[in-house]
Protein chains: 2
Amino acid sequence: MDPACSCELCELRGLFFESLKKEYADLICSGKVEKAFKQGETIIKEGTHIKDFVYLKSGLVKLYRRDDNGREQIISIAKPFDYVSLLSVFSTDRYNYSVTALEDSVTCNLNMDDIRTIIKQNGNLALNLLQKMSVLADTLILDSLEIRKKHLRGRVAFLLLRFANEIYFSNEFELPLSRKEMAEYVGMTTENVIRSLSEFRKDGILKIYGKTIQIVNMETLRSISEFG
Amino acid sequence: MDPACSCELCELRGLFFESLKKEYADLICSGKVEKAFKQGETIIKEGTHIKDFVYLKSGLVKLYRRDDNGREQIISIAKPFDYVSLLSVFSTDRYNYSVTALEDSVTCNLNMDDIRTIIKQNGNLALNLLQKMSVLADTLILDSLEIRKKHLRGRVAFLLLRFANEIYFSNEFELPLSRKEMAEYVGMTTENVIRSLSEFRKDGILKIYGKTIQIVNMETLRSISEFG
DNA sequence: ATAACGATATGATAATTATCATGGCATGAT
DNA sequence: ATCATGCCATGATAATTATCATATCGTTAT
């Protein structure tokens with residue numbers, strides 16, 4: 001094995017390498033490129049030719065599209081272990097969304113041709129990928145339906161709960177999104193995101209210090225998210 | 001080859017069998033079950049254990065979820081060649097949506113364990129499935145974003161165009177959905193679907209005879225869908 | 001035949017949400 | 001320093017959409 005290849009130590013290796021024989025793992029590993037991105041930097045640009053299979057080692061990124069009027073629509077927030085390029089990567093040769101870093105992030109890029117070659121010879125990897133892609137697609141679709149059926153306050157509550165419980169695992173966190181981006185995520189206007197946050201603050205559900213949010217009353221927030 | 005197995009003649013065989021060696025194709029083929037459903041019948045019920053890999057030979061079906069308030073949300077309309085169970089099938093052991101027939105339909109059900117076994121030994125099939133799943137997921141997500149950014153009239157126009165141009169390939173067709181179901185698909189109320197249709201009729205864009213729709217002015221409908 | 005029901009349809013009104021205007025407060029550029 | 005710019009914030013108003021009430025029509029059950 002290539003001694004310069006540290007994939008065996010990578011905290012993500014299980015996702016990929018658990019299903020691969022050593023020789024294949026080495027091929028992937030030696031072909032990989034790690035890239036670091038600062039907050040705000042573009043990782044993938046919509047319309048770009050797909051060459052790499054990208055996953056996120058650390059940080060936080062947003063996937064989004066720009067519509068005809070130049071407005072952005074955020075598709076999802078991806079955290080480490082998520083396969084950033086997974087959706088488009090097998091369906092087309094160009095990305096149909098962009099990805100930018102919400103926090104300083106590190107990606108690991110694997111060569112797409114290598115991946116294809118290995119899949120053809122390795123059924124376990126294929127099943128593994130099918131499963132991950134299936135989970136991802138399911139999640140995105142269910143989230144989308146979930147958000148759609150809520151009122152504005154419920155959408156903002158939903159987002160805050162997501163950050164608290166599934167990303168930062170804390171009642172207090174710094175929002176990685178601007179108010180505008182939150183609006184782009186849940187399909188409402190910036191003003192109404194701000195208004196909802198202000199109302200939550202006035203009702204004693206949150207404390208807000210700029211981008212830092214402290215959830216004071218998790219239960220109420222939860223019931224607003226479910227319907228209130 | 002099993003002489004009773006007519007998969008070689010199936011119009012769908014290309015989707016599956018083009019990537020399989022004969023021996024595997026025979027295994028799949030002899031394990032398949034074809035099922036016929038009348039309009040309105042349930043094909044898959046949310047929460048049910050997944051045993052089969054289902055695809056649609058003929059007809060038209062809706063995929064939908066029931067939310068906590070008992071309301072239905074339609075995820076998509078699937079037409080022949082679509083892999084009805086594709087989304088959940090690799091991610092979980094239970095369906096998280098239901099499928100019912102909008103028209104008389106025939107499905108072909110393959111044994112999921114067989115599929116898994118064969119994928120492990122057949123990389124081309126795996127890549128083929130990955131690609132199809134990727135396309136499907138992409139489409140669902142982009143459609144969802146597309147619908148979300150439109151006003152109500154635009155959503156109804158979008159739906160009508162979809163039926164005319166991608167399903168029935170005609171300016172005149174019989175709606176496979178009730179007004180209520182159209183509303184559940186695009187996230188609006190039944191009354192407003194009806195109102196939009198009535199307005200299109202008054203404006204001379206459509207002729208409506210119950211469930212039969214004739215699109216008189218395709219261009220106007222298209223511009224309403226895009227934004228108007 | 002008649003009653004009951006669900007789908008279609010329309011209007012009036014209420015609720016929700018977007019848009020527009022304005023101002024404060026940071027931050028970075030000149 | 002001050003200027004411009006991009007968030008954040010709030011209020012007033014307009015637009016959009018949902019809800020409620022009511023009626024018709026067709027179908028099915030009795």
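Reminder, nothing fancy here: chain letters follow the sequence lines and each chain counts from 1. The basis for the numbers below is simple: all heavy atoms, side chains too, and nothing from hydrogens, waters or symmetry mates.
Around NZ of A:K149, the count of heavy atoms belonging to other residues, nucleotides or ligands within 6.0 Å exceeds 12. Within a 6.0 Å radius of NZ in B:K51, no more than 12 heavy atoms belonging to other residues, nucleotides or ligands are found.
Within 4.0 Å of A:L152, counting heavy atoms only, lie sugar-phosphate atoms of the nucleic acid but no base atom.
Here A:R65 does not pair with A:E72 in a salt bridge; the nearest charged N to carboxylate O distance is not below 4.0 Å. Electrostatic pairing of B:R71 and B:E184 does not count as a salt bridge here, judged by no charged N lying under 4.0 Å from a carboxylate O. The pair A:K150-A:E146 counts as a salt bridge, with a side-chain nitrogen and a carboxylate oxygen less than 4.0 angstrom apart. No salt bridge links B:R195 with B:E191; every basic N to acidic carboxylate O contact stays at or beyond 4.0 Å.
Comparing D:dC7, C:dA18, C:dA9 against the side chain of A:K211 picks out D:dC7 as the nearest. When the nucleotides D:dT10, C:dA9, C:dT8 are ranked by their closest atom to the side chain of B:S198, C:dA9 comes out on top.
For the pair A:R179 CZ and C:dA26 C1', the computed distance is 13 Å after rounding to whole Å. In this structure, B:M188 places its CE atom 16 Å from C1' of C:dT17, rounding to the nearest Å. Residue B:E199 contributes atom CD, which lies 11 Å from atom C1' of C:dT10 at whole-angstrom precision. The separation between B:K149 atom NZ and C:dA18 atom P is 16 Å, rounded to whole Å. Regarding B:I194, its CD1 atom lies at a distance of 13 Å from the C1' atom of C:dG11, rounded to whole Å. When the P atom of C:dA7 is taken as reference, atom CG of B:L177 falls 13 Å away, rounded to whole Å. Note: NZ (B:K180) to C1' (D:dA18) measures 16 Å, nearest angstrom. Remark: C1' of D:dC7 and CG of A:L197 are 13 Å apart, rounded to the nearest angstrom.
Between the two ends of the helix from C:dA1-D:dT30 to C:dT30-D:dA1, each summarised by a five-pair axis, the helix axis turns through 30° (rounded to 10 degrees).
When B:L136, B:N128, B:V135 are each tested for a side-chain contact (heavy atoms from CB on, under 4.5 Å) with B:K132, only one passes: B:N128.
A parallel orientation is assigned to the rings of B:F173 and B:Y168, their planes being inclined by less than 30° (bins at 30° and 60°).
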Base versus backbone protein contacts along nucleotides 19-27 of chain D [heavy-atom cut-off under 4.0 Å; B, S, -]: BB-------
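Within the 4.0 Å cut-off from OP1 or OP2 of C:dT8, not a single side-chain nitrogen or oxygen of B:R201 is found.
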Salt bridge (charged side-chain N to carboxylate O under 4.0 Å, His left out) between B:E41 and B:K38, worked out: CA-CA 6 Å; B:E41 280 190 299; B:K38 288 217 181 304; over 6 Å; no
